[in-house]
Q: 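Below: one structure in structure tokens.
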Amino acid sequence: MSEGIISAAVTSALHKALCKAQTDGQLRLAVWPSLVFDIPKRAEWGDLSTTVALGLAKREKRAPREIADVIASHLQWETDLFDHVNVVPPGYINLTIKRDQWFRVLTEIERQGIVYGDSTVRAGQKVLIEFVSANPTGPLHVGHGRGAAVGDAIANLLTRTGADVAREYYVNDVGTQVETLGKSVLMRMTQPSLEPECKDVPLPEGFYQGKYISDIAMAFVKSRSPTTMKSSEGAAIEAGQFAKDVLLQEILEDLREFNVHFDKVFEEHTLYDNGVVADALNVLRAKEYVYTLEEADWLATSRWGDDKDRVVRRANGQYTYFASDIAYHTHKFNRGFQQLINIWGADHHGYVPRMKAMMHALGHLEDSFQVSLVQLVRLVRGGKPVAMSTRSGEFVTLREVIDEVGVDAARFFFLMRRCDTPLDFDLDLAQKKSNENPVFYVQYAHARIASLFRMAQEQGINVPSSSDANLTLLGVQEELAMVKKLEEYPEVISESARCLEPHRVAYYLQDLAGLFHSYYYKHRILQADALALTLSRLVLIRAVQTVVRNGLIVLGVSAPETM
RNA sequence: GCGCCUGUAGCUCAGUAGGAUAGAGCAUCGGACUUCUAAUCCGGUUGUCGCAGGUUCGAUUCCUGCCAGGCGCGCCA
């Protein structure tokens with residue numbers, strides 16, 4: 001179920017009402033309208049409202065108000081579900097749900113527990129999500145961290161909607177950059193720069209500058225006999241391989257610490273070792289999508305909207321990065337994945353059109369490939385941006401951020417904003433233990449509920465099952481508001497998954513936590529002289545706790561019992 | 001020059017398969033601790049939804065053109 005039980009019931013009632021209207025000849029309904037409704041902005045407009053009548057007016061050639069009246073007249077019969085049905089000009093149908101119906105939400109959450117919010121909209125779909133894929137030429141920086149958090153959360157969302165999801169990290173270990181990496185290591189070795197005081201001496205432009213290069217150089221020296229220390233071509237390759245392996249392991253270690261795990265680390269060089277690149281290009285050449293011009297091979301991407309055709313093999317015989325990517329994505333499809341999702345830094349957006357073109361060339365729907373572009377992260381401390389520069393190698397690493405604010409805060413902050421807008425990451429705020437800090441605020445709602453349960457336990461009160469509580473005692477406005485919010489959760493998940501937008505979950509959790517904190521302050525939950533009320537309130541807040549936890553799991557943030 | 005993203009309250013941002021009087025947090029001002037965690041809560045203030053047209057019963061949302069900011073436009077990866 002991709003929507004809450006109340007929404008589902010209303011959809012079904014609306015469907016029935018339209019059928020009845022059609023059978024009775026009141027509406028033609030040649031084209032069936034989509035049964036959408038939203039939560040009205042104002043409470044006096046009811047719990048839910050639909051604009052189907054407005055949408056139908058043109059096709060039925062009748063006033064929207066009339067159509068709304070017809071539909072409403074049939075909805076009126078659903079007396080178990082609706083308290084009342086109002087038609088408001090120009091043709092809104094406002095629905096007020098019977099109060100008792102709402103309590104079914106609590107029973108449902110109790111029944112489903114950890115899977116509340118899950119759906120089957122992507123059942124049977126094999127999805128490959130490729131993310132991070134940072135080049136193994138240095139440690140992960142904060143931007144990669146955002147990509148990691150976003151990719152992992154999206155993968156969680158897809159799993160929650162029933163997809164069979166594989167997480168993959170693609171390693172560019174072919175080409176000039178590993179060579180440059182090796183040369184950088186050698187240069188640190190051949191200069192007298194292994195001495196600690198020389199680590200800061202900059203290398204010539206175009207080489208990797210970070211201090212980590214010196215560390216790797218030292219490790220490389222230890223692992224090799226001095227005779228192989230010549231700065232020959234062979235030594236550069238060897239040093240590059242060595243450095244790449246070290247850095248990749250460190251990257252994966254950082255990601256593990258960040259609770260990001262991959263099903264597969266896919267190394268680009270295997271595509272060459274196994275002839276996948278040549279095969280993939282041969283297939284495209286057979287379709288006459290690849291042609292030779294001026295001794296280079298081109299893929300005719302401009303046929304499908306790219307600005308120009310792209311070189312796949314250079315005149316010197318070497319394949320381009322794009323050739324690897326063609327092979328890699330061909331290989332993804334060949335492994336049985338139907339939907340490919342890539343999470344990229346926004347600076348790669350210029351690459352998207354040729355990827356879309358590639359899909360056409362490979363004979364797949366353009367929609368089978370989706371990219372989420374993740375914008376930059378700007379670290380802020382004391383209200384001022386933290387200086388970052390990749391050129392000097394003095395960027396802020398993901399590890400430094402994790403060490404400073406913790407995994408939970410880092411992940412939540414990375415997921416707080418829509419990923420295509422730049423993110424200001426406030427390092428001070430992320431560490432605050434107060435309501436200003438959204439992570440803390442949400443986690444604290446979970447912990448506070450756990451604390452209430454402990455307190456109840458001490459008084460000999462266990463949280464009852466919903467069937468053992470009189471839920472109709474839940475009557476105050478704050479309680480109803482929370483239940484309605486809980487009912488929205490499945491749709492929040494399915495919509496976040498559909499749009500690949502995990503930030504919606506973060507916003508939802510802040511709203512829900514806000515409702516809870518406000519409720520907690522206004523109404524006493526544990527009341528010795530009102531046991532029945534206490535029991536029903538415990539059922540309610542357990543449902544809140546379940547949903548907060550489920551949402552945090554999607555974001556990859558822990559749900560603590562105590563704080 | 002071409003392309004992509006962004007432009008919503010003082011700040012940071014939600015909201016867009018078109019819907020009713022546009023929201024939240026922060027900041028600011030003023031309140032609430034003999035209390036189940038005050039690690040929290042309550043109230044007040046805040047808008048030409050970048051600008052101009054168009055589509056329509058209705059546009060922050062869709063289309064076109066401008067303006068501003070960011071990013072990208074290699075036989076690099």
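Residue numbers start from 1 in every chain, and the chains themselves are labelled A, B, ... in the order their sequence lines are given, proteins ahead of strands.
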Q: Where the side chain of A/Ser518 is concerned, which of B/C41, B/A38, B/A77 is the nearest nucleotide?
A: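 The listed nucleotide nearest to A/Ser518's side chain is B/C41.
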Q: Which is it for A/Arg537 and A/Glu479 under the salt bridge (Lys or Arg N to Asp or Glu O under 4.0 Å) test, yes or no, and what are the steps along the way?
A: CA-CA 9 Å; A/Arg537 288 185 167 172; A/Glu479 290 168 335; 2.7 Å; yes
Q: Among the candidates B/C5, B/C75, B/U40, find the nucleotide nearest to the side-chain atoms of A/Ser434.
A: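 Nucleotide nearest to A/Ser434's side chain: B/U40.
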Q: Tell me which nucleotide, if any, is Watson-Crick or G-U wobble paired with B/C36 when both distances must be under 3.5 Å.
A: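 Paired with no nucleotide.
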Q: With rounding to whole Å, what would you report as the distance between B/A27 and B/G3 at their P atoms?
A: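 Those two atoms are separated by 43 Å.
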Q: Give a yes/no answer on whether the side chain of A/Tyr520 brings an N or O atom under 4.0 Å of OP1 or OP2 in B/A38.
A: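 Affirmative; the distance criterion is met.
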Q: Return the CD to NZ distance between A/Gln177 and A/Lys183, rounded to the nearest 0.5 Å.
A: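 Reported to 0.5 Å precision, the distance equals 13.0 Å.
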Q: Would one find a side-chain N or O of A/Lys308 under 4.0 angstrom from OP1 or OP2 of B/C75?
A: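 Indeed, a polar side-chain atom of A/Lys308 lies that close.
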Q: Inspect the surroundings of CD in A/Gln431 and state if more than 12 heavy atoms from other residues, nucleotides or ligands are less than 6.0 Å away.
A: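 Correct, the count exceeds 12.
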Q: Go nucleotide by nucleotide along RNA chain B from the 5' end; which of A/Tyr444 and A/Lys58 gets its closest nucleotide reached first?
A: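 The residue whose closest nucleotide sits nearer the 5' end is A/Tyr444.
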Q: Expressed as a whole number of angstroms, how long is the span from A/Met563:CE to B/U37:C1'?
A: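 Result: 11 Å.
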Q: Report the distance from atom CZ of A/Arg146 to atom P of B/C5, rounded to the nearest whole Å.
A: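 My rounded result for the distance is 16 Å.
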Q: How is A/Met455 classified with respect to the nucleic acid when contacts are heavy atoms under 4.0 Å: base, sugar-phosphate, or nothing?
A: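 It contacts sugar-phosphate atoms only.
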Q: Given the C1' atoms of B/G69 and B/G50, what is the spacing between them in whole Å?
A: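 Straight-line distance between the two C1' atoms is 11 Å.
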Q: Kindly say whether, by distance alone, the side chain of A/Ser49 makes a donor-acceptor pair under 3.5 Å with the base of B/A20?
A: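 Pair found.
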Q: May I ask which nucleotide in the shown strands pairs with B/U55, Watson-Crick or G-U wobble, both distances under 3.5 Å?
A: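 Checking every strand shown, B/U55 finds no partner, since no pair has both distances under 3.5 Å.
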Q: Look through every strand shown and name the nucleotide pairing with B/A24 as Watson-Crick or G-U wobble, where both distances are under 3.5 Å.
A: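 B/U12 - that is the nucleotide pairing with B/A24, both distances being under 3.5 Å.
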Q: Would you classify A/Pro422 as touching base, sugar-phosphate or nothing, given that sugar-phosphate means primed atoms plus P, OP1 and OP2, and contacts are heavy atoms under 4.0 Å?
A: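 Sugar-phosphate only.
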Q: Just by modelled atom types, is the A/Ala357 backbone N or O under 3.5 Å from a matching donor or acceptor in the A/His360 side chain?
A: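 Absent.
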Q: Taking only N and O in the side chain of A/Arg314, is any of them less than 4.0 Å away from OP1 or OP2 of B/C76?
A: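 So the side-chain polar atoms of A/Arg314 do come within 4.0 Å of the phosphate oxygens OP1 or OP2 of B/C76, strictly under.
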Q: Decide yes or no, distance alone: a donor-acceptor N/O pair under 3.5 angstrom between the base of B/A32 and the side-chain of A/Tyr521.
A: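 Indeed, a donor on one side and an acceptor on the other fall under 3.5 Å apart.
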Q: Would you classify A/Phe322 as touching base, sugar-phosphate or nothing, given that sugar-phosphate means primed atoms plus P, OP1 and OP2, and contacts are heavy atoms under 4.0 Å?
A: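 The answer is nothing, as A/Phe322 stays clear of every strand by at least 4.0 Å.
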Q: I want to confirm an ordering. Mapping A/Phe440 and A/Arg504 to their closest nucleotides on RNA chain B, which one lands closer to the 5' end?
A: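 Its nucleotide being nearer the 5' end, the pick is A/Arg504.
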Q: Select base, sugar-phosphate, or nothing to describe what A/Gln527 touches, counting heavy atoms under 4.0 Å on all strands.
A: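 Answer is nothing: A/Gln527 stays at 4.0 Å or more from every strand.
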Q: Do A/Tyr441 and A/Gln510 have side-chain N/O donor and acceptor atoms under 3.5 Å apart?
A: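 Side chains of A/Tyr441 and A/Gln510: no pair found under 3.5 Å.
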Q: Report yes if at least one side-chain N or O of A/Arg418 is closer than 4.0 Å to OP1 or OP2 of B/U6; otherwise report no.
A: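 Yes, A/Arg418 has a side-chain N/O under 4.0 Å of OP1/OP2 on B/U6.
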Q: Across the strands shown, which category fits A/Val36 at heavy-atom distances under 4.0 angstrom: base, sugar-phosphate, nothing?
A: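 Here A/Val36 touches the bases of the nucleic acid.
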Q: If I take atom CG in residue A/Asp426 and atom P in nucleotide B/C11, what distance separates them, rounded to the nearest angstrom?
A: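 In whole Å, B/C11 P and A/Asp426 CG are 17 Å from each other.
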Q: Can you measure A/Arg378 atom CZ to B/G70 atom C1' for me and round it to whole angstrom units?
A: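 Rounded to whole Å, this separation is 11 Å.
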Q: Would A/Arg542 pass as a cation-pi partner of A/Phe453, given that its NZ or CZ must be under 6.0 Å from the six-membered ring centre and within 45 degrees of the axis?
A: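 So A/Arg542 doesn't make the cation-pi contact.
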Q: Contact class for A/Ser34 (heavy atom, under 4.0 Å): base, sugar-phosphate, or nothing?
A: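 Here A/Ser34 touches no strand at all.
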Q: So what does A/Ser451 touch, heavy atoms closer than 4.0 Å: a base, only the sugar-phosphate, or nothing?
A: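 The residue A/Ser451 makes base contact.
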Q: Is there aromatic stacking of A/Tyr92 against B/A20, centre distance under 5.5 Å, plane angle under 30°?
A: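 Stacked: centres under 5.5 Å apart, planes under 30°.
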Q: Please determine, for the side chain of A/Ala315, which listed nucleotide (B/U16, B/C75, B/C5) has the closest atom?
A: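 Shortest atom-to-atom distance from the side chain points to B/C75.
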Q: In whole angstrom, give me the gap between the P atoms of B/G19 and B/C63.
A: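 Those two atoms are separated by 15 Å.
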Q: Considering only the P atoms, how many Å lie between B/U64 and B/C4, rounded to the nearest integer?
A: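 These two P atoms come out 10 Å apart once rounded.
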Q: At under 4.0 Å between heavy atoms, what does A/His503 touch on the DNA or RNA strands: base, sugar-phosphate, or nothing?
A: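 It contacts sugar-phosphate atoms only.
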Q: Taking the P atom of each, how far is B/C36 from B/C29, in whole Å?
A: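 Those two atoms are separated by 31 Å.
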Q: Rounding to an integer number of Å, can you tell me how far A/Gln510 CD sits from B/G23 C1'?
A: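 The distance from CD of A/Gln510 to C1' of B/G23 comes to 14 Å, rounded to the nearest Å.
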Q: Would you indicate what A/Arg42 reaches in the nucleic acid, counting non-hydrogen atoms under 4.0 angstrom: base, sugar-phosphate, or nothing?
A: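 Since a base atom lies under 4.0 Å of A/Arg42, the category is base.
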Q: A/Tyr328 ring centre to A/Lys332 NZ or CZ under 6.0 Å, with the angle to the axis within 45°?
A: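 Flagged: A/Lys332 positioned over aromatic ring of A/Tyr328.
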Q: Between A/Asp297 and A/Arg285, is the closest basic N to carboxylate O distance under 4.0 Å?
A: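 Yes, this pair counts.
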Q: Expressed in angstrom and rounded to an integer, what is the separation of A/Leu56 atom CG from B/C57 atom P?
A: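 About 15 Å, once rounded to whole Å.
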Q: I need the CE-P distance between A/Met416 and B/U12, as an integer number of Å.
A: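 It works out to 13 Å between those atoms.
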Q: Determine the Euclidean distance between corresponding C1' atoms of B/U61 and B/C73; express it in Å to zero decimal places.
A: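 After rounding to an integer number of Å, I get 30 Å for this pair.
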Q: Using atom P of each nucleotide, how far apart are B/G15 and B/U40 to the nearest Å?
A: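 Their P atoms lie roughly 25 Å apart.
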Q: Counting Watson-Crick and G-U wobble pairs only, both distances under 3.5 Å, name the nucleotide matched with B/G72, or none.
A: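 Across all strands, the one nucleotide that pairs with B/G72 is B/C2.
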Q: Considering every strand and a 4.0 Å limit on heavy-atom distances, what is the contact class for A/Arg448: base, sugar-phosphate, or nothing?
A: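 Since only primed, P, OP1 and OP2 atoms lie under 4.0 Å of A/Arg448, the category is sugar-phosphate.
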Q: Report the nucleotide, chosen from B/A77, B/C41, B/A20, that has the shortest atom-to-atom distance to any side-chain atom of A/Glu268.
A: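 Shortest atom-to-atom distance from the side chain points to B/A77.
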Q: Could you check whether A/His349 gets within reach of a base, just the sugar-phosphate, or nothing at all, counting any heavy atom under 4.0 Å?
A: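 Result for A/His349 = base.
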Q: Nearest to the side chain of A/Asn435, heavy atoms from C-beta on, is which of B/C41, B/A77, B/C75?
A: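 Selected nucleotide: B/C41.
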Q: Is any side-chain nitrogen or oxygen of A/Tyr508 closer than 4.0 Å to OP1 or OP2 of B/A24?
A: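 No, because none of the side-chain N or O atoms of A/Tyr508 sits under 4.0 Å from OP1 or OP2 of B/A24.
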Q: Do NZ/NE/NH1/NH2 and the carboxylate oxygens of A/Lys484 and A/Glu487 come within less than 4.0 Å?
A: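 Answer for the salt bridge query: no.
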Q: Can you tell me the pairing partner of B/C41 across any strand shown, Watson-Crick or G-U wobble, with both distances under 3.5 angstrom?
A: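 Paired with B/C41, as far as the under-3.5 Å criterion goes, is B/G31.
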Q: Heavy atoms only, 4.0 Å cut-off, all strands: where does A/Asn94 land among base, sugar-phosphate and nothing?
A: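 Base contact - A/Asn94 has a heavy atom under 4.0 Å of at least one base atom.
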Q: Using 30° and 60° as the class limits, which term best fits the ring planes of A/Tyr508 and A/Tyr489: parallel, tilted or perpendicular?
A: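 Rings of A/Tyr508 and A/Tyr489: tilted, 30 to 60°.
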Q: Would you call A/Trp45 stacked on B/A20, i.e. ring centres under 5.5 Å apart with the planes less than 30° off parallel?
A: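 Stacking is present between B/A20 and A/Trp45, given that their ring centres fall under 5.5 Å apart and the planes under 30°.
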Q: When you compare B/C49 with B/U6, how far apart are their C1' atoms, in angstrom units rounded to a whole number?
A: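 Pairwise C1' distance, B/C49 against B/U6, rounds to 14 Å.
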Q: For A/Phe412 and B/A14, what is the distance between atoms CZ and C1' respectively, to the nearest whole Å?
A: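 Result: 13 Å.
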Q: Between B/C36, B/C5, B/U12, spot the one nearest the side chain of A/Arg417, thanks.
A: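 So the nucleotide nearest the side chain must be B/U12.
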